[in-house]
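Working notes, beginning with the structure itself.
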Number of protein chains: 2
Amino acid sequence: MRKKTTIRDLAQAADVSVTTVSQILNGKGERFSSATQQHVLKLQKQLNYVPDFNARNLIMKSSQTIGVLVPNIGNPFFSTFIKGIQETARELQYIPLIFGANHDEKIENYYLEKMIERATGGLIIASASITIATIDSILKKNGIPYLLMDQNPIVEGDRVQTNDFSGGELAAQHLLDLGHKHFAVTIPNNPTANLLGRLNGFRYAIERAGLVFAQAVTVIYSPMTKAGGYLATQDVLKSSATGVFAINDEMAIGLYRGMMQNNVRIPTDISIMGYDNIDLDEYVTPKLTTVQQPILAMGEMATRLLVNRIKKPMMTPQKVDLPVSLVVRQSTSAPRN
Amino acid sequence: MRKKTTIRDLAQAADVSVTTVSQILNGKGERFSSATQQHVLKLQKQLNYVPDFNARNLIMKSSQTIGVLVPNIGNPFFSTFIKGIQETARELQYIPLIFGANHDEKIENYYLEKMIERATGGLIIASASITIATIDSILKKNGIPYLLMDQNPIVEGDRVQTNDFSGGELAAQHLLDLGHKHFAVTIPNNPTANLLGRLNGFRYAIERAGLVFAQAVTVIYSPMTKAGGYLATQDVLKSSATGVFAINDEMAIGLYRGMMQNNVRIPTDISIMGYDNIDLDEYVTPKLTTVQQPILAMGEMATRLLVNRIKKPMMTPQKVDLPVSLVVRQSTSAPRN
DNA sequence: TAAATTTTGTAAAACGTTTTACGTTGTTTG
DNA sequence: CAAACAACGTAAAACGTTTTACAAAATTTA
């Protein structure tokens, strides 16, 4: 195939040295006569010269790349999160390398390895099954900065947080205010720290209302997907719950399907609320009451923190707290009797 | 910060030459005594040596990377498409570099440039606004293989196709079979070739049934998103259509919201069908009738074709045709009177 | 006009790999 | 026992950049 034009080809064509070309093309060309500058620039276009990425990174020791690992790109929460990352990365002149691991630990580790090879900058990891041990042994040893989402709080390190405890509290209080006395919470097995936070906040509000958690609330374990919500339907119906807190919106939408199938009307027969506030919430019937997370901002802040860390590895750890809020729509109402 | 261990460090530690280390680590070490091999391997683990990506690619002239450009990662169609790409790329030992351009031409060009810099392998482009001119001038000149989706058919080049014409035909025939006589089609402005294919197929079936397209069908232009579908509601209602063909499922779901808001029942008052068969279709009420595209397979085949092309640039162009099929659910029925 | 300074440019080292071509040793063969 | 051949290993070139240190020519200064 046609050879790529190299900087040497261009230098030869322009009848100047390689140094000259390099300097001019990298904006450090004030030292050269404007005649030479124009000449080189013109020939660059003409020969369609693009610097070799690998050669350049090799010498510069930076590829302006960050790695991003999420459980599932298809989940609207994560696709929005990624959008936030991409926008901010573009602004900061970084390129995100994005992987979805489909909740598979093998795949996660595979991608983690690939990211370490390539994403010399740093990593944003939003994934459950990567253990702290793995992270310590692999990332720390390689001296690669990283930022963990949805994971156990690490003592050291940067952090982008939303107040999940408060979010759970908001959810419970909303249902309590409507008059509900019996609740169900759907949550995955081995919930991550943020999900536990939501559950604890929920529990706190329940107990604050004078109820006994174990009596008032049924916790139902199911995968955190639409399909998982659908699967949880029978258990929810078997419980005497009139108010359901799905730990994310996708599960809530899965429950919608199950309820529909069982002729249980929302919110007349049962109130359902979710968590995240994905844009789909306004398109389902009834519109979904939920707790909003600033997803785009989470992606943005994660990127900023990581890039700052890359630039100043020794900086003291940064924490960013983002607010959550209750969004009341039509999927919740007072219980039947 | 801590220096990365280089191959030289490892060679020194193992008291062998750099060549030896390189060969052994790349599986070409049969020439060496097994004692040496073990020794080197052991020290690699111990020193946590990972070959420098850039140095390696520089000399090997291949980064095992492909670029992927889609309009919108949040659209379930594309997130599934990406999933197919990631799975296949993993199998083929390639890494996909994924970008979502949010239908913004500036951003598309920016990412295109970045991909050319980095994704030395080849590109999968599923994006509307990149013009053939741009592609020719940039990609061809750089000799980078690429594969276009959802775009005007290029005479030359590889291609993964579904039969959009037939899909449109299936949609129309389904509505005709139910007894509908008045139709609406929602489609974006400046539709891409595949969308036009659907529309033409629809028209073909309508005319085959003895109807006059311009009289029987109202074409409504609106963005191809949930919000776009929602926006199209009034125009759909103003038309006398009893059967609506949304050019993709997202638009159909946007229409659901609009219909709900106007107390128009689906399918009793109006039949709606979509296109794609995203997994959400089974979670909306009523479940959405649609034309299925094998999205995952499209991602898979696109990746295979591209990688084949990378390996054998001179191979004759390949075409893959994937089937579409009608999926009847609950959003369509016979018209009212 | 000689010295100093600015302007404009270049040669060569360095980055961390892979690979080609070439050496040793030691063992077998005739 | 010399020659041939394995077995095991290495030196050095190459990949395409950026950058440092140096140099020649042109201009200014004293």
Side-chain angles (χ1 to χ4, degrees), chain A residues 1-41 43-44 47-65 116-118 120-121 142-143, chain B residues 1-41 43-44 47-65 116-121 142-144:
Chain A
M1 286 255 83
R2 296 198 300 93
K3 292 246 173 257
K4 247 189 83 166
T5 35
T6 116
I7 196 174
R8 241 178 286 274
D9 300 335
L10 179 48
Q12 194 163 7
D15 201 31
V16 296
S17 78
V18 165
T19 310
T20 306
V21 174
S22 175
Q23 301 276 37
I24 289 176
L25 262 39
N26 287 303
K28 301 171 185 170
E30 325 87 31
R31 304 187 345 90
F32 300 92
S33 75
S34 74
T36 318
Q37 293 187 40
Q38 298 313 315
H39 189 212
V40 167
L41 259 1
L43 266 84
Q44 175 196 19
L47 300 186
N48 220 271
Y49 166 73
V50 178
D52 181 273
F53 182 70
N54 292 306
R56 172 178 249 255
N57 290 156
L58 173 58
I59 192 81
M60 310 256 281
K61 295 168 174 313
S62 144
S63 61
Q64 296 291 105
T65 305
I116 292 172
E117 280 178 19
R118 303 184 175 227
T120 50
N142 284 62
Chain B
M1 288 252 81
R2 297 198 299 95
K3 292 246 175 257
K4 247 187 82 165
T5 35
T6 116
I7 197 174
R8 243 179 284 274
D9 300 334
L10 179 48
Q12 195 163 5
D15 201 32
V16 295
S17 77
V18 166
T19 312
T20 307
V21 175
S22 176
Q23 302 276 37
I24 290 176
L25 262 39
N26 287 303
K28 301 171 185 170
E30 325 85 30
R31 303 186 348 88
F32 301 92
S33 75
S34 75
T36 317
Q37 293 187 37
Q38 298 313 315
H39 189 210
V40 168
L41 259 0
L43 266 84
Q44 175 196 18
L47 300 187
N48 219 272
Y49 167 73
V50 179
D52 181 273
F53 181 71
N54 293 307
R56 173 178 249 255
N57 290 156
L58 173 57
I59 193 83
M60 309 256 281
K61 294 169 174 313
S62 143
S63 62
Q64 299 291 104
T65 304
I116 291 172
E117 279 179 19
R118 304 187 174 226
T120 49
N142 285 63
I144 295 176

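Numbered from 1 within each chain, the chains take letters A, B, ... in sequence-line order.
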What integer distance in Å separates A:Lys61:NZ from C:dT17:P?
9 Å
Distance in Å, A:Thr5 OG1 paired with A:Gln44 CD, rounded so as to fall on 0.5 Å steps
9.0 Å
A:Thr6 side chain near D:dC15 phosphate (N/O to OP1/OP2, under 4.0 Å)
no
Shortest side-chain distance from B:Ala55, nucleotide among C:dT18, C:dG16, C:dA14:
C:dG16
Any A:Asn57 side-chain nitrogen or oxygen under 4.0 Å from OP1 or OP2 of C:dC15
no
Respond yes when some side-chain nitrogen or oxygen of A:Arg56 is under 4.0 Å from OP1 or OP2 of D:dT18, and no when none is.
yes
A:Ile7 side chain: which of D:dT18, C:dG9, D:dT10 is closest?
D:dT18
Nearest to the side chain of B:Met60, which nucleotide is it out of C:dT19, D:dC15, D:dT19?
C:dT19
Test applied, side chain to side chain contact (heavy atoms under 4.5 Å, CB included); reference residue, B:Arg56; option that passes from B:Ser22, B:Ser63, B:Pro51, B:Ser62
B:Pro51
Nearest-nucleotide pick for A:Ser33, side chain only, options being D:dT10, D:dG16, C:dG9:
C:dG9
Return no unless some side-chain N or O of B:Thr36 is found under 4.0 Å from OP1 or OP2 of D:dG9.
yes
State whether the distance check finds a donor on one side and an acceptor on the other, under 3.5 Å, for side chain B:Thr19 versus base D:dA11.
yes
Considering every strand and a 4.0 Å limit on heavy-atom distances, what is the contact class for B:Asn26: base, sugar-phosphate, or nothing?
sugar-phosphate
Using whole Å, report how far CZ of B:Phe53 lies from P of C:dG16.
16 Å
For A:Gln23 and for B:Lys28, find the nucleotide of DNA chain C with the closest heavy atom, then tell me which residue's nucleotide is more 5'.
A:Gln23
What does B:Val18 touch in the nucleic acid at a heavy-atom separation under 4.0 angstrom: a base, only the sugar-phosphate, or nothing?
base
B:His39 NE2 to D:dG9 C1', in whole Å, measures 15 Å
Quick one: which of C:dT19, D:dT18, C:dG9 gets closest to the side chain of A:Ser22?
D:dT18
For B:Ile59 and C:dT18, what is the distance between atoms CD1 and P respectively, to the nearest whole Å?
9 Å
Would you kindly give the CZ-to-P distance between A:Phe32 and D:dT19, to the nearest whole Å?
13 Å
